[in-house]
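Working notes for the structure below.
Everything numeric here is computed off the predicted structure, so don't read it as measured data. Scope of the values below: all heavy atoms of this structure, side chains included, with no hydrogens, waters or symmetry mates.
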Amino acid sequence: MTAYDAIVLAGGAAERLGGADKPGIRVGGRALLDRVLSACADASTTVVVGGRRPTARAVTWTYEVPRGGGPLAALDAGVRLTTAERVLVLSADLPFLRAGTVGALLAAVEDGRREGALCVDQDGRDQPLVAVYGAEPLRRELALLATEHGGLSGLPLRLLTHELDLARVEGDPLASFDCDTWKDIASARARIREHGVVLDEWITAVKDELGIELDVDTDVLLDLARDAAHGVARPAAPLTTFLVGYAAARASRNGAGSGDGDGAVEAVAEAARKAAALARRWADENETQ
């Protein structure tokens with residue numbers, strides 16, 4: 001993937017939320033800001049423009065000048081602390097942004113023919129705060145706008161995007177869903193509890209809370225839990241999956257795996273396979289009695 005830095009705009013008065021601390025509002029047990037930071041975890045440098053707060057990973061903090069000066073002033077403050085040729089720009093209120101959308105934006109500018117790429121929502125509207133910009137064109141246009149208008153405070157983002165040669169990327173339909181009102185927050189909280197996504201959301205939240213960077217086959221673990229519950233007893237399901245995790249961690253630590261993420265995944269799969277086989281043998285004995 002193309003190397004990039006990230007700027008997350010986490011300021012603003014959140015007037016439609018009654019002045020609430022919007023980046024800190026939780027959706028699915030995680031702060032909105034942390035959800036955005038997880039989507040750009042492989043950025044070389046991440047700059048957050050806004051008030052300092054605990055975050056799930058390390059970031060660089062700064063403020064726009066003047067405080068409350070708007071998105072262009074915030075971008076100017078953020079880009080001063082970046083060094084990569086590509087800069088990902090995000091707002092801090094995107095609960096459904098995923099790394100796949102970030103990858104699609106970076107791929108759209110990889111050949112260097114365009115000055116940036118921005119996400120287009122379901123209604124065909126440009127989303128300049130879900131975008132990748134070339135650092136040089138971004139600095140150039142910010143400087144020109146500051147000279148032309150005597151500063152950047154209060155200027156709208158469209159003044160920037162109109163001057164850049166940008167590709168349009170149709171990402172995930174929910175990638176640019178932002179939370180401006182309490183109704184938006186309620187909608188986001190309800191959506192992540194829908195049957196088709198709630199498990200993935202929960203697993204992601206747990207991994208984020210525990211500081212785990214590990215992708216495992218959840219179907220394998222669910223099948224194991226089912227076999228243990230049906231073949232042994234219902235309480236055996238959570239206990240068995242815990243023991244599988246413990247065994248996998250021990251095997252990885254003792255060198256049975258490669259020691260990296262892939263090795264840990266292999267260790268979990270092998271431990272789950274053994275436990276599932278045991279559960280089936282246990283069930284078979286009950287059926288023959």
Side-chain angles (χ1 to χ4, degrees), residues 2-15 19 21-24 32-33 36-37 39-40 42-53 55 57-94 97 101-102 105-106 108-109 112 114-120 125-169 176 178-180:
T2 303
Y4 71 97
D5 290 338
I7 301 172
V8 182
L9 305 191
E15 293 180 357
D21 175 26
K22 183 161 66 168
L32 284 171
L33 176 56
V36 172
L37 292 176
C40 58
D42 55 356
S44 300
T45 297
T46 300
V47 181
V48 178
V49 186
R52 297 172 66 92
R53 69 192 65 241
T55 51
R57 65 178 182 84
V59 300
T60 299
W61 297 94
T62 191
Y63 278 105
E64 70 273 28
V65 179
R67 298 278 184 95
L72 289 186
L75 267 179
D76 185 59
V79 78
R80 293 173 184 270
L81 300 177
T82 64
T83 58
E85 293 182 3
R86 300 280 183 266
V87 180
L88 174 71
V89 175
L90 303 169
S91 61
D93 61 349
L94 303 166
L97 182 69
T101 297
V102 172
L105 290 167
L106 290 167
V109 299
R114 309 297 287 271
E115 293 181 313
L118 50 73
C119 194
V120 177
R125 293 173 298 194
D126 289 349
Q127 299 296 319
L129 295 184
V130 188
V132 169
Y133 300 99
E136 188 281 325
L138 180 60
R139 292 189 177 97
R140 179 195 71 215
E141 292 304 325
L142 287 171
L144 289 172
L145 286 170
T147 299
E148 180 179 351
H149 295 273
L152 297 171
S153 181
L155 297 182
L157 273 169
R158 65 176 180 274
L159 293 181
L160 172 70
T161 56
H162 284 175
E163 298 299 327
L164 294 171
D165 178 19
L166 301 174
R168 267 67 183 175
V169 174
S176 59
D178 57 357
C179 294
D180 290 326

Query raised in the report: Could you state the interatomic distance from CZ (Arg158) to CD (Glu163), rounded to the nearest 0.5 Å?
Result: 12.5 Å
Query - Distance in Å, Asp76 CG paired with Leu138 CG, rounded so as to fall on 0.5 Å steps - result: 8.5 Å
**Report entry** Flag, side chain of Arg53 to backbone of Pro23, donor-acceptor distance under 3.5 Å
**Finding:** no
Query raised in the report: Short question: side chain of Glu115, backbone of Asp165 - any donor-acceptor pair under 3.5 Å?
Result: yes
Does any part of the side chain of [Y], heavy atoms only, come nearer than 4.5 Å to the side chain of [X], both counted from C-beta?
X	Y	answer
Leu118	Gln127	no
Leu75	Leu157	yes
Thr55	Val48	no
Tyr4	Val132	no
Leu159	His149	yes

Closest non-hydrogen atom pair between [X] and [Y], with its separation:
X	Y	answer
Tyr63	Ala77	O-CB, 3.3 Å
Val120	Arg168	CG2-CG, 3.2 Å
Thr161	Pro128	CG2-CB, 3.6 Å
Glu141	Leu160	CB-CD1, 3.5 Å
Cys40	Leu90	SG-CD1, 4.2 Å
Arg57	Leu37	NE-O, 3.1 Å

Going by side-chain contact (heavy atoms from CB on, under 4.5 Å), name the residues that satisfy it together with [X], two or more places apart in sequence or in a different chain.
X	answer
Ala135	Val87, Arg139
Asp5	Ser44, Thr45, Thr82, Thr83, Ala84
Arg52	Trp61

**Report entry** Positive for side-chain contact (heavy atoms from CB on, under 4.5 Å) with Leu129, one of Val89, Asp93, Ile7
**Finding:** Val89
Requested in this report: Begin with the C-alpha distance, continue with both residues' side-chain angles, and end with the deciding distance and a verdict on side chain to side chain contact (heavy atoms under 4.5 Å, CB included) for Asp180 and Lys22.
Outcome: CA-CA 8 Å; Asp180 290 326; Lys22 183 161 66 168; 3.3 Å; yes
Query raised in the report: Does the side chain to side chain contact (heavy atoms under 4.5 Å, CB included) test come out yes or no for Tyr133 and Leu166, once each step is laid out?
Result: CA-CA 8 Å; Tyr133 300 99; Leu166 301 174; 4.1 Å; yes
Query raised in the report: Are there more than 12 heavy atoms of other residues, nucleotides or ligands under 6.0 Å from atom CD of Glu85?
Result: no
Requested in this report: Run the numbers on Ser176 and Arg125 for side-chain hydrogen bond (donor to acceptor under 3.5 Å, both in side chains), then give the verdict.
Outcome: CA-CA 10 Å; Ser176 59; Arg125 293 173 298 194; over 6 Å; no
